[in-house]
Amino acid sequence: MVGTHGRVDAEAIGTPIGRRVVLGMLGLGVAGILGGARVQDALNTVLSPLEAADPTGLSQLIPAAGGFRIYSVTGSLPSSSPADYRLTVGGMVDRPLTLTLADLKSMAPTTLVKDFQCVTGWRVPMVHWTGVKLSTVLDEAGVQPGGAALRFESFDGTYTESLTIDQGRRPDVLVAYEMLGAPVTRQHGGPVRMYVAPMYGYKSCKWLSKISVVSKVEAGYWERFGYDIDGWVGRSNGRSDKATT
Amino acid sequence: MAEATKRPPEPASSPAAERAGVSDGALGPRRASSQATPKAAALQLLRFDVAERVVHWANAILFAILMATAGVLYLPPLSAAVGRRQLVVTIHVYAGLILPVPLVLGIVGRRWGRRLRSDLRRLNRWIPEDRVWVRRRGWRPERVTGLKQGKFNAGQKLNAAFTGGAMLLMLATGSIMHWYKPWPLSWRTGATFVHDWVAIALFFTITGHILFAFSDRESLDSMWSGNISRAWAKKRAPKWLDEELAKSRAAASRDAPST
C-alpha cells in the first residue's frame with residue numbers, strides 16, 4: 001500500500017472522475033454563455049404569464065422570470081407621502097415652480113402603455129404609465145435661452161439623471177404619478193417619478209424631487225460608473241434590445 | 001504547526017511519518033486525555049493540516065460574503081431593504097476576485113501545500129467503493145456501513161469537483177458581466193444565465209455541505225482542530241485508516257534501529 005518513496009499509491013489509483021466533472025462543467029458553461037440567451041428567451045416566454053399570475057412572488061426567485069427588480073442606490077427606500085410631496089423646477093427658467101401632487105394632476109394627463117427595459121437585461125412588457133408630459137411642465141416654467149439640458153434629482157439624496165432639452169420634450173417622456181394602473185408605489189419610485197420611454201430604466205429617475213434646466217448635460221449617477229448618457233434602448237451600452245418606443 | 005512539533009527531525013530521506021500524519025504532538029483538546037503514552041496519542045489522526053484549515057475557512061467566509069451580497073442584488077425584497085447597490089456590487093466583485101486566492105496559495109506552497117495537494121488528488125480519484133456509495137445513496141451513513149471507503153466518500157468528491165468547477169465558471173461569467181464592454185450582447189445574457197443558475201446550484205450544495213457537517217460533529221470539529229479519532233476513521237474512512245497505520249508502522253520500523 002505504501003510507496004517506499006514519493007507519493008502514497010492510494011492517492012494515484014482510481015478513475016479521475018473529479019477532473020471529468022470539472023471539465024464537463026466548463027464545457028456546459030461555455031455552451032451556456034454561447035447559447036444561454038436563447039434558452040433565457042424561451043424561459044421568459046414560458047414564465048412571464050406564470051409570473052404575472054403569481055400572488056406569492058415566489059417566481060421572482062427564478063432568474064429573469066420577468067417582473068420588476070427594485071434597485072436603489074441609497075440605504076433604505078426613500079419615502080414621501082402624497083400630501084407632503086413637492087416637485088421643484090428651477091435653474092434657467094422664467095418662473096421657478098414648486099408643484100404638489102395635486103398641481104401635477106391638474107395638468108393635462110397623458111397615458112402610455114409601453115415596455116420597461118433595464119440595461120441589466122430584464123424587460124417588463126406593456127406597463128401602464130400616467131402622468132404629465134415633461135414638455136408641459138417645462139412650458140409652464142418657461143425655459144430660458146441657453147437652457148440646453150435637464151438635471152433630475154431624487155429625494156433619496158444621491159441619484160441624479162440627465163437629458164438634453166430636446167430629449168426631454170419628446171411626447172413619450174413623462175413626469176409619472178401612476179404606474180401599473182395605480183399610484184406609483186414607494187418601491188417603484190413614488191409618489192412621482194420620471195418615465196423616459198425610449199431609454200433604459202436608469203434614465204427614468206425614481207423618487208423625483210427636482211428638475212433643473214442647465215446649460216449642458218451633466219452625467220447622472222450610473223453614467224459616472226460607465227453607462228451611456230444617451231441611453232436609447234437598443235442603441236447604447238453595447239446592447240441590441242428591441243426598441244421600447 | 002502540527003507536523004513541526006511532532007517528532008525530532010528525521011533523516012531527509014524518510015518523511016514517511018510526516019506524511020502518515022499520525023499526530024502525537026500537542027494538538028487539540030482531545031490530546032489531554034491521551035497524553036499518557038505515545039501509543040495512546042496515536043489514537044488521533046491528523047485529518048487536515050493548518051494550511052488546509054486556513055484555506056477552508058477563508059473559502060467559507062468569502063462564500064458567505066458572496067451569497068449575502070448576491071441575495072441583496074438578486075432578490076427584490078432584499079434589494080429594496082438594503083439598497084446601496086453600488087457598494088454591494090463592489091463588495092461582491094472583490095470577494096469574487098479574491099475567492100480563488102487562498103486555494104491557489106494553499107496549493108502552490110511547496111511545503112505547506114503538500115497535504116492539500118495530496119487531498120485534492122484523493123478527491124479527484126474514484127475507487128470502486130465510491131461507485132458502491134453512489135449506488136447505495138450513501139449520504140445516509142447507515143447504508144454504507146462496512147464499506148471500505150477512502151479518506152473522502154463519493155459525495156465529498158462530487159461536492160469538491162462541483163465547487164471547483166463552479167468557482168471557475170462564476171469567475172469567468174462574473175468577469176464577463178462586470179467588464180461587459182468587449183463582449184457581444186448574447187454572450188453577456190448567456191453569462192448572466194450561467195451565473196444565475198450556478199449560483200442557485202451552489203446555494204443548495206453549500207447548504208447541504210453545512211447540514212452534513214452538523215450531522216457529524218466530530219468531522220466538523222476536525223475542521224477546527226485538524227485531528228480526528230481512529231474510531232471515526234474506522235467507521236467512515238477505513239481504507240484511509242489502514243493507509244495511515246501502515247505508514248506509521250513503516251516509519252516506526254525505519255526509526256527503530258537509530259533509537
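Computed from a prediction, not measured in an experiment: that's the story for all the values here. Keep in mind that the numbers below use all heavy atoms, side chains included, and drop hydrogens, waters and symmetry copies. Throughout, a chain's letter reflects where its sequence line sits, starting with A, and its residues are numbered from 1.
- Contacts of Lys151(B) with chain A are absent, with no heavy-atom separation under 4.5 Å from either backbone or side chain.
- When Val73(A), Asp156(A), Thr158(A) are compared by the number of non-hydrogen pairs under 4.5 Å with chain B, Val73(A) comes out ahead.
- Both the backbone and the side chain of Ala166(B) have a heavy atom closer than 4.5 Å to some heavy atom of chain A.
- Only the backbone of Val82(B) comes within less than 4.5 Å of a heavy atom in chain A; its side chain stays farther off.
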For a side chain to side chain contact (heavy atoms under 4.5 Å, CB included) check, start with the C-alpha distance between Trp207(A) and Ser72(A), then their side-chain angles and the critical distance, and finish with the verdict. CA-CA 10 Å; Trp207(A) 305 295; Ser72(A) 159; 4.1 Å; yes
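- Using a 4.5 Å heavy-atom cutoff, the side chains of Tyr94(B) and Leu99(B) are not in contact.
- For Thr74(A), the part lying under 4.5 angstrom from a heavy atom of chain B is the backbone only.
- Figure legend: cation-pi geometry between Arg85(B) and Tyr71(A), with NZ or CZ positioned under 6.0 Å from the six-membered ring centre and within 45° of its axis.
- Atom CZ in Arg239(A) sits 5.5 Å away from atom OG1 in Thr189(B) (nearest 0.5 Å).
- No side-chain donor-acceptor contact under 3.5 Å links Asp228(A) and Tyr202(A).
- Neither the backbone nor the side chain of Leu87(B) comes within contact range of chain A; no heavy atom of the residue lies under 4.5 Å from a heavy atom of that chain.
- For Trp232(A) and Tyr200(A), the distance between ring centers is not under 6.0 angstrom.
- Of the two parts of Tyr180(B), only the side chain, counted from C-beta on, holds a non-hydrogen atom closer than 4.5 Å to a non-hydrogen atom of chain A.
- By number of non-hydrogen pairs under 4.5 angstrom with chain B, the leading residue of Leu23(A), Val22(A), Ile33(A) is Ile33(A).
- The side-chain heavy atoms of Pro198(A) and Arg170(A), taken from C-beta on, include a pair separated by under 4.5 Å.
- Neither the backbone nor the side chain of Arg249(B) comes within contact range of chain A; no heavy atoms are under 4.5 Å apart.
- The candidate with the highest count of non-hydrogen atom pairs below 4.5 Å against chain B, out of Ala37(A), Gly32(A), Pro16(A), Gly238(A), is Pro16(A).
- Chain A forms the most heavy-atom pairs under 4.5 Å with one residue out of Ile176(B), Leu169(B), Leu123(B), Thr192(B), and that residue is Leu169(B).
- Leu87(A) has its side chain within reach of Ile211(A): a pair of non-hydrogen atoms, C-beta onward, lies under 4.5 Å apart.
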